[in-house]
K.L.:
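Structure provided below as structure tokens; questions to follow.
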Amino acid sequence: MSVRVRMAPSPTGFLHIGGVRTFLFNWLFARQHGGECRLRIENTDTSREVVEAVDQIQESLRWVGIDWDGPVTFQLDTAERARVLAEQLVSEGKAYMDDGAIRFKQPPGSVSWEDKVRGRIEFQNENLPDLVIVRSDGRPTYNFVSPVDDMLDEITHVIRAEDHVSNTPSQINILRALGAEPPIYSHLPNINGPDGKKLSKRHGAVSVDVFRDDGYLPAAMMNFLALLGWSFDDKTTIMQPHELIERFTLERVVQSPATFDYEKLDWMNGMYLRELGEDAYGDFLVGWLHDHEITWPEETVRATVPLVQEKIEKLSAYPNFVRFFFEDVSPEGADPTMCAAAVEALTPVTPWTTEAIEAALRAMVEALGEKPRTAFAPIRLAVTGSKISPGLFESLELLGKDESLARLGAAAAIS
RNA sequence: GCCCCCAUCGUCUAGUGGCCUAGGACACCGGCCUUUCACGCCGGCGGCACGGGUUCGAAUCCCGUUGGGGGUACCA
């Protein structure tokens, strides 16, 4: 029997980063086994549905690089079928009416299953409530439709988050009552925020879209998420999507919860950003700027790539880092004497290349008996408006001779 | 309260009875490189929650304690 898994988000809001991790593990597992990965929207509770969420979820998944097989299905579409099955259970004495609702009657004894990540888990049925499987208004509930869908869709492996552990015994009992064989279950550890508490809105970035907005690369995102609760060995950290697919196993998923480490994500994104080719980096950058409605000329933007690629960890740092190429700066605070000397040293430079600029400036420093560090600081400040910038000589070249001399001249004029 | 799960450096993790004086990565600290920042390189700090067992031998197995998490809805 080939593998078939499902990603089952509820459309109550934007896709949560923890949810993506869960779906990623489903996807990696399916892709590795050459199986199917379905996308099923669990919208049984219509009252909580957010209309845009369905599109948003798909877009977020696609952005990270997770795809699915077949059409997107909706749990609600199986509602009628589920209701009929519930009535069947009533007629068989396996469920009963209660205040207009249908409750599942838990069988005697105990239930257990061999969880692929947590080992054997057992529940005493007497501790399980007779849960409502069809509401008094006729709508079946999640805990009924979900296993029914798994049965109808012939799902072989259910890979979901830890908070479903307590639903599993009931779902197994329901499946058995229906005469179906339960799938193989795997319960993934939860992801916590930096404070050790469950990841939530107040931790800032929890929606996939926020990371996209901040300028993270999908591959970096996927790599980072894969390492939250799973590892390949004791050394490997950076893994491209195809490597993750090759290497992923449920057996190597850990059982303890993980804390989302934003700093490590930043580091990893920097790694991926630096490995990009110049054109690819430019494409990514141009797209990101477009999404953020920053209309700087593309040619110049692409020309800045070699100057910034080693410097920033995520694209959201880009605008402020290179703003001086596109907008005027204030010459405040730059030592006028040094700027005047720079004007003098740079005026005869032809052609205006990084190498020639560096040579002229270094000769100036030597003639002045200054240290490069102290001499270049005011020049950098005058030209870029900041103490921190891309390489000075490259920046001067890109800025152009006229503009560079104008800025240095303006700084020199302040006394 | 009851049910279930979890417990290795600050964080992500390796470790499945001897290979562990517990390895790697992020962060942090120090140094090198250096025009700032960053990258890179070198070095350092830092952990098996606690208590009992089992065993010749325990981070690894068992029990208890403590701590954390999840569930306990006519939510998903």
Side-chain angles (χ1 to χ4, degrees), chain A residues 8-12 41-49 75 98-103 115 117-119 121-124 126-129 131-146 160-170 187 189-192 194 196-198 224 226-238 251-252 254-268 270-271 273-274 307-313 317 321 358 361-362 365 371-381 384 386-396:
Chain A
S10 65
T12 49
I41 308 293
E42 308 226 299
N43 60 344
T44 313
D45 185 6
T46 46
S47 66
R48 297 209 308 161
E49 184 163 354
Q75 194 165 63
D98 176 40
D99 283 340
I102 300 177
R103 282 187 189 277
D115 198 284
V117 343
R118 324 182 90 84
I121 300 177
E122 180 174 14
F123 281 78
Q124 298 302 315
E126 61 184 1
N127 289 325
L128 269 22
L131 35 83
V132 168
I133 55 178
V134 179
R135 300 176 176 89
S136 50
D137 65 3
R139 293 150 54 224
T141 59
Y142 159 79
N143 262 314
F144 187 60
V145 193
S146 186
R160 54 177 24 167
E162 189 176 16
D163 33 302
H164 283 284
V165 171
S166 55
N167 290 326
T168 305
S170 290
H187 289 93
N190 282 136
I191 299 176
N192 297 328
K197 302 253 175 63
K198 196 174 177 178
F224 179 78
L227 258 17
L228 244 32
W230 175 82
S231 66
F232 173 59
D233 59 15
D234 61 335
K235 299 246 161 39
T236 317
T237 304
I238 302 294
E251 284 74 13
R252 287 193 64 83
V254 299
Q255 307 175 40
S256 46
T259 299
F260 198 99
D261 185 352
Y262 292 92
E263 287 180 320
K264 189 165 186 174
L265 205 214
D266 285 352
W267 164 79
M268 189 172 281
M271 293 286 286
L273 241 25
R274 273 174 249 123
L307 313 208
V308 302
Q309 192 162 8
E310 294 261 309
K311 310 275 186 181
I312 61 177
E313 291 184 316
F321 196 60
E358 177 168 3
L361 251 20
R362 287 200 186 281
V365 169
K371 290 192 165 190
R373 182 180 296 270
T374 49
F376 294 150
I379 300 175
R380 162 174 283 104
L381 186 56
T384 71
S386 169
K387 289 186 208 168
I388 299 168
S389 78
L392 180 58
F393 315 125
E394 295 86 344
S395 296
L396 285 166

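Proteins come first, then strands; the chains are lettered A, B, ... in the order of their sequence lines, and each starts at number 1. What you see is a predicted model, and the numbers here were worked out from it, not measured in a lab.
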K.L.:
In whole Å, measure the gap between the P atoms of B:C41 and B:C20 for me.
P.N.:
25 Å

K.L.:
Could you work out the separation of B:C45 and B:A7 based on their P atoms and round it to a whole Å?
P.N.:
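Roughly 28 Å separates the two P atoms.
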
K.L.:
B:G70 phosphate, OP1 or OP2: any side-chain N/O from A:S166 under 4.0 angstrom?
P.N.:
no

K.L.:
If we take the C1' atom in both B:A59 and B:C6, what is their distance in whole Å?
P.N.:
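It works out to 16 Å between them.
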
K.L.:
For the C1' atoms, the ones on B:U60 and on B:A49, what distance do you get once it is rounded to whole angstrom?
P.N.:
16 Å

K.L.:
Between B:G70 and A:H187, is there a base-stacking contact, meaning the centre of the base's six-membered ring lies under 5.5 Å from the residue's ring centre while the planes stay under 30° apart?
P.N.:
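Ring-base stacking flag not set for A:H187 and B:G70.
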
K.L.:
With nearest nucleotide decided by heavy atoms, which residue, A:E358 or A:R135, maps closer to the 5′ end of RNA chain B?
P.N.:
A:E358

K.L.:
So what does A:L392 hit on the nucleic acid, given a heavy-atom distance under 4.0 Å: a base, only sugar-phosphate, or nothing?
P.N.:
base

K.L.:
Are A:R118 and B:C6 close enough that a side-chain N or O sits under 4.0 Å from OP1 or OP2?
P.N.:
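A:R118 to B:C6 OP1/OP2: no side-chain N or O under 4.0 Å.
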
K.L.:
Want to settle it: does A:F123 or A:R252 sit nearer the 5' end of RNA chain B, counting the closest nucleotide to each?
P.N.:
A:F123

K.L.:
For nucleotides B:G23 and B:G40, find the distance between their C1' atoms and express it as a whole number of Å.
P.N.:
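Result for the C1' pair: 23 Å, nearest Å.
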
K.L.:
For B:C6, does either OP1 or OP2 sit under 4.0 Å from a side-chain N or O belonging to A:Q255?
P.N.:
yes

K.L.:
With the side chain of A:R373 defined as its heavy atoms from C-beta on, choose the nearest nucleotide among B:U34, B:G71, B:U8.
P.N.:
B:U34

K.L.:
Could you tell me how far B:G64 sits from B:C4 if I compare only their P atoms? Round to whole Å.
P.N.:
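Each nucleotide's P atom is 12 Å from the other's.
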
K.L.:
Work out how far the C1' atom of B:A22 is from that of B:C9, and round it to whole angstrom.
P.N.:
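Comparing C1' positions in B:A22 and B:C9 gives a spacing of 10 Å.
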
K.L.:
When the C1' atoms of B:G47 and B:C28 are considered, how many whole Å apart are they?
P.N.:
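Taking atom C1' in both B:G47 and B:C28, they lie 15 Å apart.
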
K.L.:
Could you tell me whether A:Y142 and A:F144 have their ring centroids closer than 6.0 angstrom?
P.N.:
no

K.L.:
Distance check needed: B:C37 C1' versus A:W267 CH2, whole Å only.
P.N.:
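Going from A:W267 (CH2) to B:C37 (C1'), I get 20 Å.
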
K.L.:
Which parts of nucleotides 58-64 of chain B does protein reach within less than 4.0 Å, heavy atoms only, written one letter per nucleotide 5' to 3' as B for base, S for sugar-phosphate only and - for none?
P.N.:
-------

K.L.:
Indicate for each nucleotide in nucleotides 46-51 of chain B, in 5' to 3' sequence, whether protein heavy atoms under 4.0 Å reach the base (B), only the sugar-phosphate (S), or nothing (-).
P.N.:
------

K.L.:
Do A:D233 and A:T236 meet the criterion of a side-chain donor-acceptor pair at a distance under 3.5 Å?
P.N.:
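A:T236 and A:D233 do have a side-chain donor-acceptor pair below 3.5 Å.
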
